[in-house]
Trainee: 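Input: one structure, supplied below.
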Protein chains: 2
Amino acid sequence: MPVAGRPTSKDVAQEAGVSQSTVSLVLGGKWSGRVSPATARSVRTAAERLGYRPNQAARNLRLGTTRTVLLMVPTLTAPFFGPVYTGAARVAARHGFGVVVSTWPDGADGPAESPFPAPHEAIDGVLASSMPAVALDRFHGTPAVLLDSGPDADVPTVDFGVAAGMRAIAAHLAGLGHRRFGHVAAGVDQWTFHARAEALAAEVAALGGTLERSACAIDVASARDAAQRLLARPDPPTALVCDDDLIAAGAYKAARALGLDVPGEVSVTGFDDVLLATALEPELTTVRLPAEEMGAQGMTALLELLDGGRPAPRVLPGRLVVRGSSAPPRAPL
Amino acid sequence: MPVAGRPTSKDVAQEAGVSQSTVSLVLGGKWSGRVSPATARSVRTAAERLGYRPNQAARNLRLGTTRTVLLMVPTLTAPFFGPVYTGAARVAARHGFGVVVSTWPDGADGPAESPFPAPHEAIDGVLASSMPAVALDRFHGTPAVLLDSGPDADVPTVDFGVAAGMRAIAAHLAGLGHRRFGHVAAGVDQWTFHARAEALAAEVAALGGTLERSACAIDVASARDAAQRLLARPDPPTALVCDDDLIAAGAYKAARALGLDVPGEVSVTGFDDVLLATALEPELTTVRLPAEEMGAQGMTALLELLDGGRPAPRVLPGRLVVRGSSAPPRAPL
DNA sequence: CTGAAAGCGCTTACAG
DNA sequence: CTGAAAGCGCTTACAG
């Protein structure tokens with residue numbers, strides 16, 4: 001018997017000849033010992049025949065939950081955040097959660113731009129990536145996990161081992177014989193870049209090398225200029241350590257503009273290991289960060305938190321990937 | 001008077017000394033002529049004092065709507081989809097809609113992987129990008145708009161003018177003097193790549209040139225091999241037309257492996273104009289596709305559809321961006 | 001083993 | 001101009 005509009009549990013009940021509560025019990029998987037197997041079967045059959053799908057809004061209203069979490073990122077146009085989302089959504093789906101995305105602070109949504117309540121008012125938790133802790137203020141009290149934002153927060157955190165990654169880069173270059181380092185640094189006020197700068201400075205000092213620093217925005221042209229400033233010094237670095245792969249692409253350009261061969265005359269390293277790293281020529285020595293794993297671990301921590309747990313801070317190690325952009329320095333003339 | 005838990009419209013009513021329906025009327029903006037301005041003001045004050053936010057689940061249940069649309073994309077790790085999302089979310093937010101993302105067919109969610117109802121069961125509409133029309137089957141009847149999937153669908157569409165873009169590439173190269181073309185083609189069964197191939201073939205034929213085609217996956221290594229096959233022919237092309245920027249990066253590698261200078265000995269063009277295009281050396285001649293605009297226009301069309309309209313198909317023109325990777329062919333020896 | 005009933009928090013006729 | 005009431009579709013005590 002066809003039903004007008006989308007079928008409800010009441011329609012299924014009528015079709016199966018049982019009460020609506022029985023339908024709910026069976027389809028909710030809470031029937032064993034309470035409903036006879038035969039009845040359960042007939043409910044399932046009826047539900048299938050009618051193409052019944054439970055109404056989420058009613059379920060949410062009744063349970064006071066939305067099974068939706070918000071992933072907040074600074075931008076979706078950087079290659080880093082796609083994988084983070086993918087990992088988070090994978091874990092979320094396994095637990096019946098959906099993930100909505102918003103960008104902040106330049107976000108597409110939010111009360112400032114819209115007269116409507118922002119969609120993220122209806123969420124159970126927040127996953128915020130690459131943000132200062134104050135970004136969580138607007139969610140007063142909503143369970144939250146911070147990703148890639150540093151371990152010093154009063155919510156659970158998941159971070160990359162960027163300090164160890166930078167040390168691995170420096171050790172690799174030092175092993176090749178480099179002593180004069182240039183740091184083409186992202187001039188961006190995020191924990192990860194502060195941590196990278198600090199670790200590099202400490203490691204170079206420990207190795208007895210010298211380090212000059214030049215800051216830039218995270219774009220190719222700005223990185224090229226910053227790298228050029230370093231290479232134009234009287235006693236230029238033999239290795240340019242770049243804060244990410246895109247910046248490294250700018251360093252390549254600076255080297256080429258000055259007629260310097262990479263890696264013959266100057267070594268260049270990146271960080272992140274995005275697609276770009278192997279698209280460049282020579283391919284880039286860099287540190288691979290498990291972005292998708294960060295999304296997955298972050299969601300796992302958030303679900304633990306929603307479950308009443310106290311997930312411990314996690315640190316995901318990066319891995320040095322040596323490719324063609326690093327080599328021993330040219331012997332002094 | 002503090003209220004336990006999150007305040008409801010009933011709490012606001014009590015605080016303001018009015019009925020709950022009056023609160024709903026005022027806060028829903030439907031009060032003019034029905035509630036006195038003074039009462040309205042006191043309701044607003046009470047709501048603010050209590051930090052009241054309407055419960056979306058209740059609202060959705062009552063209205064039978066979710067104000068949520070699903071953006072379905074093949075993958076989130078390609079650089080194209082971040083901007084599409086951003087544009088869609090911007091327009092959606094202006095109309096009080098949220099956007100959830102899912103990937104298909106390799107999706108993180110969906111009934112196959114999860115015993116729970118997929119979150120996207122609770123949506124008002126679907127925006128599907130770079131998909132065959134059959135991808136919409138599982139949403140039987142949900143209003144949908146197809147992006148970047150070709151104009152031949154029985155739902156509204158938004159596409160790029162890829163044919164015109166390819167013609168512009170071919171005309172540009174022909175203007176430089178090229179006659180022997182190689183097409184490093186994405187061997188991916190998507191409308192956009194079929195359209196690119198067809199347009200290029202037609203234009204080269206019209207110009208009286210020759211065209212060889214070599215297919216590859218959309219990754220650097222596969223593209224390099226495909227380009228190498230073309231360049232190894234007895235009478236190799238003087239220009240490699242690549243189906244996207246990443247493929248062009250592979251073509252650069254093939255040229256370098258054979259000791260061929262770009263653009264001195266072989267010209268290379270891309271498509272899309274992603275970040276990579278200016279990270280390469282030389283910078284890539286390509287066609288810029290307005291991805292964010294596609295997201296925005298798609299959402300506009302979907303909202304129109306939800307409003308009962310019949311949005312016309314839209315085509316967003318690309319723009320040829322000439323950079324350093326294209327030059328006149330080397331004079332025959 | 002099964003069903004009648006309450007109630008989640010809204011919006012919107014309907015009655016005054 | 002304002003309020004009492006119905007009802008959206010669920011889940012879950014509660015009663016039998």
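Just so you know, these numbers use all the heavy atoms, side chains as well, and skip hydrogens, waters and symmetry mates.
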Trainee: If we count only N and O atoms by modelled type, under 3.5 Å, do the side chains of B:S42 and B:T39 hold a donor and an acceptor together?
Mentor: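 Short answer, no.
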Trainee: Specify the residue among B:T22 and A:A58 whose closest nucleotide of DNA chain D lies further upstream toward the 5′ end.
Mentor: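 Looking at DNA chain D, the more 5' nearest nucleotide goes with B:T22.
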Trainee: Without hydrogens or angle criteria, can the side chains of A:S130 and A:D148 be said to hold a donor-acceptor pair below 3.5 Å?
Mentor: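 There is such a pair between these side chains.
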Trainee: Can you give me the first and the last nucleotide of DNA chain C (5' to 3') that has an atom within less than 4.0 angstrom of a non-hydrogen atom in chain A?
Mentor: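 The contacted stretch runs from C:dC1 to C:dG9.
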Trainee: Are there more than 12 heavy atoms of other residues, nucleotides or ligands under 6.0 Å from atom CG of A:D137?
Mentor: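 More than 12 heavy atoms, drawn from other residues, nucleotides or ligands, come within 6.0 Å of this atom.
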Trainee: In Å and rounded to the nearest 0.5 Å, what is the CD to CG distance from B:Q297 to B:L147?
Mentor: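 These two atoms lie 10.5 Å from each other.
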Trainee: Any side-chain heavy atom of A:L127 within less than 4.5 Å of one from A:M72?
Mentor: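 They are not in contact (no side-chain heavy atoms under 4.5 Å apart), so the answer is no.
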Trainee: Listed in order of residue number, which residues of residues 24-38 of chain A have a non-hydrogen atom at under 4.0 Å from DNA chain D?
Mentor: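 Output list: A:S24, A:L25, A:K30.
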Trainee: Once you apply a heavy-atom cut-off of 4.0 Å, does A:S9 come out as touching a base, just sugar-phosphate, or nothing?
Mentor: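 The residue A:S9 makes sugar-phosphate contact but no base contact.
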Trainee: Which part of the nucleic acid, if any, lies within contact of B:L63, taking any heavy atom under 4.0 Å across all strands shown: a base, the sugar-phosphate backbone alone, or nothing?
Mentor: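 Answer is sugar-phosphate: B:L63 comes under 4.0 Å of backbone atoms only.
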Trainee: Side chains of B:T22 and B:S19: any donor to acceptor distance under 3.5 Å?
Mentor: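 A donor-acceptor contact under 3.5 Å links the two side chains.
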Trainee: Do A:R310 and A:E304 meet the salt-bridge criterion of a basic N to acidic O distance under 4.0 Å?
Mentor: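 No, no charged N to carboxylate O under 4.0 Å.
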Trainee: Could you tell me if the side chain of A:V155 sits less than 4.5 Å from the side chain of A:V145, heavy atoms only?
Mentor: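 No, every pair of side-chain atoms sits at 4.5 Å or beyond.
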Trainee: Can you list the stems that include DNA chain C, where a stem is three or more consecutive Watson-Crick or G-U pairs with distances under 3.5 Å?
Mentor: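 If one scans DNA chain C for consecutive Watson-Crick or G-U pairs, the stems found are C:1-3 with D:14-16, C:5-12 with D:5-12, C:14-16 with D:1-3.
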Trainee: Taking the side chain as every heavy atom from C-beta outward, state whether B:L306 and B:F97 have any pair of such atoms under 4.5 Å apart.
Mentor: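 Result yes, sub-4.5 Å side-chain heavy-atom pair found.
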Trainee: Do B:L70 and B:F139 touch side chain to side chain, with heavy atoms closer than 4.5 Å?
Mentor: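 In short, these two side chains touch, coming nearer than 4.5 Å.
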